[in-house]
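Report on the following structure.
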There are 2 protein chains.
Amino acid sequence: MTFMTKQTSIDNLCLAKGMRMTEQRRVIARVIDSSDDHPDIEEIHRRAVAIDPKVSIATVYRTLRLFEDAGIVIKHDFGNNRACFESASRTHHDHIIDIESGQVIEFCDSTIEELQKKIALKHGFVLTGHKMELYGKRIQDNDKIK
Amino acid sequence: MTFMTKQTSIDNLCLAKGMRMTEQRRVIARVIDSSDDHPDIEEIHRRAVAIDPKVSIATVYRTLRLFEDAGIVIKHDFGNNRACFESASRTHHDHIIDIESGQVIEFCDSTIEELQKKIALKHGFVLTGHKMELYGKRIQDNDKIK
DNA sequence: CTACATGCAAACCGTTTGCCCACTT
DNA sequence: AAGTGGGCAAACGGTTTGCATGTAG
């Protein structure tokens, strides 16, 4: 297969869902695909424009909603009043937010995941999703000692 | 001048923090205090106006921020793009959100709380807070009267 | 060629704020 | 009487949308 534009796994997902693939969507897909953090719309737009200046912020909004509805990306709300995104193809994880630096650490704990399912069931619900964020302070060396 | 509004536990907290107690703040405190759900600003305003029509929405915003900063209320973001509040004096709990009706159910699970603390520690953090929301669909088998 | 996607700017919506008057202390 | 709080409406910031044009299929 020829490589005119860089092909991403998201591209394939889009095609599989039958959505029309424009250059903008390809660029945004590539940005998401090659990000290992949780960029917000503005940042995604910035990264997209670096690849192709023709991408407008409105298209970023529209495309991310499209991707989200298609289950291609996951939208987060870390409490900054701005949506943050990451590829849904990344393995599931939750987040620890450093309340001092704002840094985001990822983790996954299957025991908690199991418990959540059970709790939901106990209350008469089928779990369709969850959000768990731990907020904390980094432990200093002297804290560890005591 | 007039002292027509009843005294609430939040009132006392406010006084303890040395904040000036106006009629509006008392009304809003009373609304929060007597709510066992998670009303948003508009709903709090509605309830406040029912007690005293003189309360403006701007004051509701200002007062709730004040209360939040003072640790008197807890602000939630259940993903509707609107802040929801509840009294901080209520015992700790997390939430299950019915993705179909938006209804909010409260629960508390000490096993998960323990695990969260451990996970944070494992990653070098002291847990200072957490947010956990389970999203799910009601399992309906008996309440099907239509 | 047609239907859908994009760019632009205006509209939107929850929230914040400036200004000036009212009220608490 | 001094100074904070409230009401109103305008400002704000992130997000959505109407319209005319561009483009994938």
Side-chain angles (χ1 to χ4, degrees), chain A residues 4-5 7 10-12 14-31 38-46 48-49 51-70 72-73 75-85, chain B residues 1-5 7 10-12 14-31 38-46 48-49 51-70 72-73 75-85 102:
Chain A
M4 291 270 315
T5 8
Q7 195 85 6
I10 289 182
D11 278 34
N12 298 325
C14 294
L15 293 169
K17 306 246 176 198
M19 52 180 76
R20 191 178 286 196
M21 282 315 280
T22 64
E23 186 57 25
Q24 288 88 331
R25 288 183 184 176
R26 239 185 286 276
V27 169
I28 294 167
R30 182 176 154 192
V31 167
H38 309 79
D40 62 20
I41 292 279
E42 221 177 291
E43 180 59 27
I44 293 169
H45 182 227
R46 206 171 295 127
V49 163
I51 299 172
D52 180 346
K54 280 186 194 304
V55 181
S56 78
I57 192 102
T59 296
V60 177
Y61 276 104
R62 281 192 271 233
T63 303
L64 273 129
R65 180 146 50 128
L66 190 74
F67 285 1
E68 195 201 354
D69 291 347
I72 292 172
V73 303
K75 183 179 180 178
H76 291 290
D77 173 18
F78 292 142
N80 324 334
N81 271 347
R82 30 203 325 144
C84 298
F85 298 83
Chain B
M1 258 165 220
T2 29
F3 199 81
M4 54 214 298
T5 309
Q7 197 84 5
I10 289 182
D11 278 35
N12 299 326
C14 294
L15 293 170
K17 305 247 176 196
M19 52 181 75
R20 192 179 284 197
M21 281 316 280
T22 65
E23 184 59 22
Q24 288 90 329
R25 287 182 183 176
R26 232 172 254 124
V27 169
I28 293 168
R30 180 175 155 193
V31 167
H38 309 78
D40 61 20
I41 293 279
E42 222 178 290
E43 181 59 27
I44 294 169
H45 182 229
R46 207 172 293 128
V49 163
I51 299 172
D52 181 345
K54 282 188 193 306
V55 182
S56 79
I57 192 102
T59 296
V60 177
Y61 275 105
R62 280 193 271 235
T63 303
L64 274 131
R65 181 146 51 129
L66 191 74
F67 286 0
E68 195 202 353
D69 290 347
I72 292 172
V73 303
K75 184 179 179 176
H76 292 289
D77 172 18
F78 292 142
N80 328 338
N81 270 348
R82 32 208 318 147
C84 297
F85 298 84

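Letters A, B, ... mirror the listed sequences (proteins, then strands); counts begin at 1. What you are looking at is a predicted structure, and each value in this text was computed from that prediction instead of being measured.
For D52(A), the CG atom is densely surrounded, since the number of other residues' heavy atoms within 6.0 Å is greater than 12.
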**Report entry** Letter per nucleotide, 5' to 3', of nucleotides 15-25 of chain D [B base touched, S only sugar-phosphate touched, - untouched; heavy atoms, 4.0 Å]
**Finding:** BBBB----BBS
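Although no hydrogens or angles enter the test, the distance criterion places a donor-acceptor pair under 3.5 Å between the side chain of D40(B) and the main chain of E42(B). Panel note: side chain H45(A), backbone V55(A); a donor-acceptor pair is recorded below 3.5 Å.
Aromatic ring centres of H38(A) and F85(A): separated by at least 6.0 Å.
R65(A) and E68(A) are not joined by a salt bridge, as no carboxylate oxygen comes within less than 4.0 angstrom of a charged side-chain nitrogen. With salt bridges taken as basic N to acidic carboxylate O contacts below 4.0 Å, one links E43(A) and R46(A).
dA22(C) atom P lies 18 Å from atom CZ of R25(B), rounded to whole Å. For the pair L64(B) CG and dG5(D) C1', the computed distance is 15 Å after rounding to whole Å. Atoms CG (D69(B)) and P (dG5(D)) sit 13 Å apart, rounded to a whole Å. For the pair N80(A) CG and dT15(C) P, the computed distance is 15 Å after rounding to whole Å. We find that CD of Q24(A) is positioned 14 Å from C1' of dC8(C), with the value rounded to whole Å.
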